[in-house]
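See structure below.
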Amino acid sequence: MTQNESNQTHVSFRDVETRFKGLFAWVFSTDHKRIGLLYLYSIVTFFLTGVALGIAMKLELMAPGRDVMDPETYNAIFTLHGVIMIFLVVVPGLPAIFGNFFLPIMIGAKDVAFPKLNLMSWWLYVLGALVALSSLFMADGPPDTGWTFYAPYSFKTNTNVLPAVIGAFILGFSSILTGINFIVTIHRLRAPGMGWFKMPLFPWTLYGTGWIQILATPIVGITLLMIVGERLFSIGFFDPALGGDPILYQHLFWIYSHPAVYIMILPAMGAISEIIPTFANKTIFGYKAIVISTLAIAFVGYFVWGHHMFTSGMSGTALYTFSLLTFLVAIPSAIKVFNWVSTLHKASIQLEAPFFWAVSFVFVFMIGGLSGLALGALATNVHLHDTAFVVAHFHYIVFGGVGFAFLGAIHYWFPKMWGRMYNKKRAITGWVLFFIGFNTLYLPMFFLGISGMPRRYYDYVERFHGPNIVSTIGSWVLLIGLVVIIYNLVRSAKKGEPAVKNPWGGKTLEWTVDSPPTLENFEDIPEVTKGPYDYR
Amino acid sequence: MIEETTNNASNFVSEVDSAFVFIFGISLFFLFAITIVMVYYVFRYRKSKNPKATHIEGNHKLEIIWTVIPTILVVIMFYYGWAGWKSQREVPEDAMTIKSIARMWSFGFEYENGVTTDTLYVPIHQPINLDLVAVDVLHSIYIPAFRIKQDMVPGKPDFIWFESGKIGEYEIFCAEYCGLRHSFMKTAVKVLSQEDYDAWYKGSSQTAEGAGAEGKALFQKFGCFACHSIDGSKLVGPSLKGIFNNKRMVIKDGEEIELVADAEYIKRSIYEPNADVVKDFVPGMMVSYKAMIKDEEVDQLIEYFKTLE
Amino acid sequence: MENHTDAHIVPYKMYLYILGGLIMLTLISVAVTEIEFGEFSVLVALVLASIKATLVLIYFMHLKFDNKILQIMVPAIFILVALVIIIVFLDYNYR
Amino acid sequence: MDTSTTITHDEHRDDEASKLGMWLFIFTELLLFAGLFIVYGVYRYENQEAFHSAGKELSVPIGTINTVILLISSATIAMASSAIRFKNKKLTIRLLVVTLLMALIFMVNKYFEWTGKIEHGYLPGTDTLMNMEQGKVLFYGLYFFMTGLHALHIIVGVILITIVVIRVNKNTLSDENPVLLDNAGLYWHLVDLIWIFLFPLFYLIA
Ligand code: HEA
Ligand code: HEA
Ligand code: CUA
Ligand SMILES: [Cu+2]
């Protein structure tokens, strides 16, 4: 089949007639592409809620003292913000949206291994989200514990911790189902000829992510169940008054939540590893090194959870073991960065919006990651732990990393998903604003942290005022950038120019199918003979 | 409030700061080097300048170099971090012990002579060992100028130590989220010269003057202000304005009853706060002060409450 | 992709042998607790339990007849769990 | 594949995939309990004496009987997997019913054990237990939580096996497509596997 020839007789997956009509044709569809879009719409909704809460916090932090809200509200807001952003947005984020949409296409399959399970995991996601947010409408209000739910405060407070915890439990289930589905899909449904090392990098990262989802999520599941038991029956697992140990709670929580940060970042790295070769028109540098570093991150990442607990009163032996392991897990990330940059050497680069997102991803990811090193060393962590520095670190790496990758990915795959092109100029304007706003918002927080401002602070002493105001202003610039981006994409999804099959000249399989793809993706399952990024 | 430079504020500052300098130095070097190379490539190899890409699959030598060099660097970072931290866990023999108590939402410091304050007073050039106790939930004592921080975990005593080399007043924050007024849970450490400290230490056991003045000092010292106002406004606990001999609606064993806040009741409220819980307030928030407040101190508190008309 | 899960059908007898073995091991572990091993009784009990678990995994759960990938995955998971437990005890053991 | 009808989106069958999926699910279940075993391990380590004496109050005979029961049920369901491949429908159903019966006996035993303990006031949250020493509170907290969660898995297993029995009976599950039976078996062995560890930890190490 020749490239870029659009075949009119094919019906796109969006227009296919099914048993159900209208909205039901979507929410009961087992088509991986529709499920991907369902995830997209629901995740973006929650994401915008989270953004609004973030902006509200920044308003409150504009000046010392009470600005716009009470401490109760502030505490509830950062908890909800954290819960929404972590459990509802970035953990499902890229795997659920782009993984669902593109994993089968990229490995040459017609769907995931268990389409019904896939639909169920979306339903569980929605259910979990609703349960988690239901506390907003209850007497005593939403929880005020922070997204970490640290004991013993989490069962002393009289706010509605239970809905949030049960919601997170259900969300965990949804995440596990996605993970199982992807792993089985990758094992069983690769197109003939696609050996493990002929698989594109985005599926590879989904594979690593899938394993973390399967092996780490149950631990937080059981931990959250124990909180439920604790609150309902005062079993005493983590209540010092009954002999329980609050630090054990932290162990269990971070055994999941540290690997969870790699659930977030791995697919983001995968998306970047797709974008860079496509726009560089060049095969990726060190394909195998990137694959191995992906698996290394997934594996070593399992054993570093203690770096969140350096001041908790753990034993010294545990402290330096965790510190050393933390540093080791930084190496594979470094390898990836070097490989991405080297790919650009002697390339032929198309300067398009997705590429700008990818390059700026590398930049903010480096800032986030390198600040992680200061947190990983014991002496410096003691000073920085639970300060604004940590907040800056994880916004740079979570929202800088995952957010930028997400936005890069959506600009990259947009033509394939909606079959239309967006306005390229506007896309770049949005990126510029976003990039400036982002750095103005979070860079000052590093300085606040170093000079000693603790996090989760509703109020602060006068000397922290300056950086905070800069940061607040940054949040508005960022917001404007976001509005430009969303406006551009929403408009183009309806009115954009029809897109060709392969607008960027990509080599992976998704660029050989129609834009948007047909229900079955491929008429005939393709035979794979070359490596994934063969630009010769 | 915080001193301009914190160079000598504690014995840990220089070690921790040199770890900072090393880690940030390496980090900034890599950040700038990589960014510059990246931007240069983007510029140099853009399509209009370089229409045909060269096919390069990888380079094993390079991969090994950029695995080994960062590995060596991070191991050095680890060492710096570990070295700077190790001394923080080794308390000198001659350290002076001060018991530090954290509760929602105030710190208290108890000296060897039994005096308790809400600000920490310490002499200069003297190792201080803080015995850390939390009574209700997690807290964390954080003295940025000294570069030290340690969580305070209920049921698990811990410690932190320092030796200050510079007279002055430094902030203490609570760095572990502990509920509603977490961000208000702050106080200061005052580093005094040995003479000033001795003078303060002697004078501190003297009593204040005026009706209920001792009670007021106690109320301050035990951090009751964190939850109780005296002007009628509702904080986490009920306002104590005009409490004495007034009517209270309380929940006792699930039933709502009306009581008069006599001396007996107030004492019970302090020793067993959850026995009868004031209506609209949460049991379990206030912990029993039985171990901390003596009988005669309760009487002094009551004297003070009588003045709150 | 062929759909017959295992070519190999395990004869009933083998399950009965394994069951016999498992019951024996259970009785042994009960009997052993009667003897005071002190420190080691935990270890003995866990070793016996692990043997039983291995039997269940290999025979009842067909690992012996399954494909390579599963034969690698299952022990890997147990090693992972063991590592996590060891690391947790790096804290508690040295407090 | 027919190009004109993109309407039907038929799912193809891949038993190997179903089995792999089941195993992955079993891994998550194992880690779920691993979390609890960590908690158990830590508290046991910190409260040796209390766990020792509390463990003595559990009845070893009942525990042993329940262990044997579960082992038998595991063997019977494994044999059912062979039976269906030998095309012996009757035997398959019999074996499965025996499995269900064993599960039932297990639950009845558990019921009596639990009520006994509850009568002693060992139920978490009750005043009697709260006033006992801390190690004991933790022991019984863990006891009820872990055996409770295990019992929950038994109930799920029973439902699953019942479905299998019905389908075998209706001939919708046969030697052509035995994978649901195999997977139910795998799940049931998992339940057994967990009990194999629960039993010594609560009943024996006393
Ligand atoms: C996507 C999520 C994500 C990712 C990928 C990371 C990656 C890393 N994180 Fe981060 N982290 C979070 C999300 C993430 N983190 C969150 C959410 C929290 C806070 C949770 C909370 O308390 O609420 C947190 C908190 C956190 C802490 C605890 C802070 C505290 O509370 O005291 C620590 C401490 O070690 C840490 C370290 C690291 C390290 C070393 C990496 C490394 O993996 C980074 C590796 C990357 C690089 C190193 C950069 C690229 C490499 C180069 C440019 C080459 C040069 C490199 C060398 C010379 C080594 N993180
Ligand atoms: C993904 C994670 C994420 C994101 C995107 C954000 C976004 C924002 N956050 Fe963050 N934040 C957290 C995760 C995140 N946050 C967490 C975990 C905590 C800790 C909570 C706790 O302490 O318990 C926290 C805490 C936190 C605090 C500290 C509270 C305190 O300690 O006192 C503040 C303070 O201002 C803040 C501000 C903001 C602002 C202004 C935004 C935004 O409004 C900025 C605007 C964002 C954008 C304009 C777009 C970015 C685009 C994407 C991310 C792509 C979306 C992806 C998909 C749809 C898949 N956040
Ligand atoms: Cu005490 Cu925060
Ligand atoms: Cu981490």
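Convention: sequence-line order gives letters A, B, ...; per-chain numbering from 1.
Nearest approach of B/Ala53 to A/Ala280, heavy atoms of both residues: CB-O, 4.0 Å. For A/Pro240 against B/Pro154, the heavy-atom pair with the smallest separation is CB-O, 3.3 Å. The two residues B/Pro144 and A/His383 make their nearest non-hydrogen contact at O-CE1, 3.4 Å. Considering every non-hydrogen atom in both A/Thr283 and B/Glu57, the closest pair reads CG2-CA, 4.2 Å. When every heavy atom of B/Cys178 is checked against every heavy atom of A/Tyr153, the shortest pair comes out as O-CE1, 3.8 Å.
Within the model, atoms CZ of B/Arg46 and CG of A/Leu344 stand 14.0 Å from one another, a figure rounded to the nearest 0.5 Å. If you take CE on A/Met453 and OG on B/Ser183, they are separated by 9.0 Å, rounding to the nearest 0.5 Å. Atom CH2 of residue B/Trp85 and atom CG of residue A/Leu378 lie 6.0 Å apart, to the nearest 0.5 angstrom. To the nearest 0.5 angstrom, A/Met366 atom CE is 5.0 Å from B/Ile34 atom CD1. Rounded to the nearest 0.5 angstrom, B/Glu15 CD and A/Thr380 OG1 are separated by 12.5 Å. For the atom pair CZ (A/Phe338) and CG (B/Leu62), the distance works out to 10.5 Å, reported to the nearest 0.5 Å.
For B/Lys156, the NZ atom is densely surrounded, since the number of other residues' heavy atoms within 6.0 Å is greater than 12. Counting heavy atoms of neighbouring residues, nucleotides and ligands inside a 6.0 Å radius, atom CZ of B/Phe184 exceeds 12 of them. The environment of A/Phe447 atom CZ is sparse: at most 12 non-hydrogen atoms of other residues, nucleotides or ligands sit within 6.0 angstrom. The environment of A/Phe197 atom CZ is dense: over 12 non-hydrogen atoms of other residues, nucleotides or ligands sit within 6.0 angstrom. B/Tyr79 OH: 12 or fewer foreign heavy atoms inside a 6.0 Å radius.
Only the backbone of B/Met185 comes within contact range of chain A, with heavy atoms under 4.5 Å apart. Contacts between B/Leu31 and chain A at a heavy-atom distance below 4.5 Å involve backbone atoms as well as side-chain atoms. Proximity to chain A (any heavy atom under 4.5 Å) is restricted, for B/Phe24, to the side chain, taken from C-beta onward. At a 4.5 Å heavy-atom cutoff, the contact between B/Lys186 and chain A is made by side-chain atoms alone. Neither the backbone nor the side chain of B/Arg89 comes within less than 4.5 Å of any heavy atom in chain A. Of the atoms belonging to B/Ile160, not a single heavy atom falls under 4.5 Å from chain A. With a 4.5 angstrom heavy-atom cutoff, B/His182 touches chain A via backbone and side-chain atoms both. Of the two parts of A/Thr145, only the backbone, made up of N, CA, C and O, holds a non-hydrogen atom closer than 4.5 Å to a non-hydrogen atom of chain B. Only the side chain of A/Phe78 has a heavy atom closer than 4.5 Å to any heavy atom of chain B. At a 4.5 Å heavy-atom cutoff, the contact between A/Pro71 and chain B is made by backbone and side-chain atoms alike. Using a 4.5 Å cut-off between heavy atoms, B/Val39 does not touch chain A at all. Contact annotation for B/Gln150: both backbone and side-chain heavy atoms come within less than 4.5 Å of a heavy atom of chain A. With a 4.5 angstrom heavy-atom cutoff, B/Val153 touches chain A only via side-chain atoms. The contact between A/Phe355 and chain B is made entirely by side chain atoms (from C-beta outward), counting heavy-atom distances below 4.5 Å.
Residues from residues 327-336 of chain A that place a non-hydrogen atom less than 4.5 Å from a non-hydrogen atom of chain B comprise A/Phe327, A/Ile331, A/Ile335, given in numerical order.
Contact tally against chain A (heavy-atom pairs below 4.5 Å) for B/Lys86, B/Met38, B/Arg181: the top residue is B/Met38. When each of A/Leu351, A/Asn339, A/Leu373 is checked for heavy-atom pairs under 4.5 Å with chain B, A/Asn339 comes out on top. Across A/Lys288, A/His385, A/Arg455, the residue that shares the most heavy-atom pairs under 4.5 angstrom with chain B is A/His385. Contact count against chain A (heavy-atom pairs under 4.5 Å) is highest for B/Pro70 among B/Gly155, B/Pro70, B/Ser140. Chosen from A/Ser293, A/Ala151, A/Gly286, A/Gly376, the residue pairing most often with chain B at heavy-atom distances under 4.5 Å is A/Gly286. Between chain B and the residues A/Asn381, A/Ile247, A/Ile450, the most heavy-atom pairs under 4.5 angstrom are made by A/Ile247. The residue among A/Leu319, A/Thr157, A/Thr159, A/Asp534 with the most heavy atom pairs within less than 4.5 Å of chain B is A/Leu319. Note: B/Phe20 leads B/Phe20, B/Phe30, B/Tyr80, B/Phe22 in heavy-atom pairs under 4.5 Å with chain A. With chain A as the partner, the residue from B/Asp158, B/Asn59, B/Val37 showing the most heavy-atom pairs under 4.5 Å is B/Asn59. No other option in A/Gly316, A/Ala377, A/Pro152 has as many heavy-atom pairs under 4.5 Å with chain B as A/Pro152. Chain A forms the most heavy-atom pairs under 4.5 Å with one residue out of B/Cys174, B/Ala83, B/Ser48, B/Ser87, and that residue is B/Cys174.
Under the rule for a side-chain contact (heavy atoms from CB on, under 4.5 Å), the partners of A/Leu324 that lie at least two apart in sequence or sit in another chain are B/Phe78. Here A/Asp245 pairs with C/Arg95 under the salt bridge (Lys or Arg N to Asp or Glu O under 4.0 Å) rule; sequence neighbours left out. Among residues two or more places apart in sequence or in another chain, the side-chain contact (heavy atoms from CB on, under 4.5 Å) test is passed with B/Lys47 by A/Asn281, A/Ser348, A/Gln350.
Taking the six-membered ring where the residue is Trp, A/Tyr457 and B/Phe173 present perpendicular rings, their angle passing 60° and hence far from 30°.
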message: Between A/Arg463 and B/Glu171, is the salt bridge (Lys or Arg N to Asp or Glu O under 4.0 Å) condition met? List the steps.
response: CA-CA 11 Å; A/Arg463 73 186 168 93; B/Glu171 291 150 330; 2.5 Å; yes
- prompt: Going through the checks in order, is the side chain to side chain donor-acceptor pair (under 3.5 Å) test met by A/Asp386 and B/Tyr142?
  reply: CA-CA 10 Å; A/Asp386 264 340; B/Tyr142 177 31; over 6 Å; no
Check against side chain to side chain donor-acceptor pair (under 3.5 Å), B/Asp151 and A/Ser312: CA-CA 5 Å; B/Asp151 284 8; A/Ser312 69; 5.3 Å; no
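Using a 4.5 Å cut-off on side-chain heavy atoms (C-beta onward), B/Tyr45 and A/His345 make contact. In this structure the side chain of B/Tyr41 never reaches within 4.5 angstrom of the side chain of A/Ser342, judged on heavy atoms. Counting heavy atoms from C-beta outward, A/Leu370 and B/Phe29 have side chains that stay 4.5 Å or more apart.
A donor-acceptor pair is defined here as one N or O able to donate and one able to accept, closer than 3.5 Å; such a pair exists between the side chain of B/Lys149 and the backbone of A/Val382. Under a 3.5 Å cut-off, the side chain of B/Asn50 and the backbone N or O of A/Ala347 do form a donor-acceptor pair.
A ring-centre distance under 6.0 Å is not found for A/Tyr150 and B/Tyr177.
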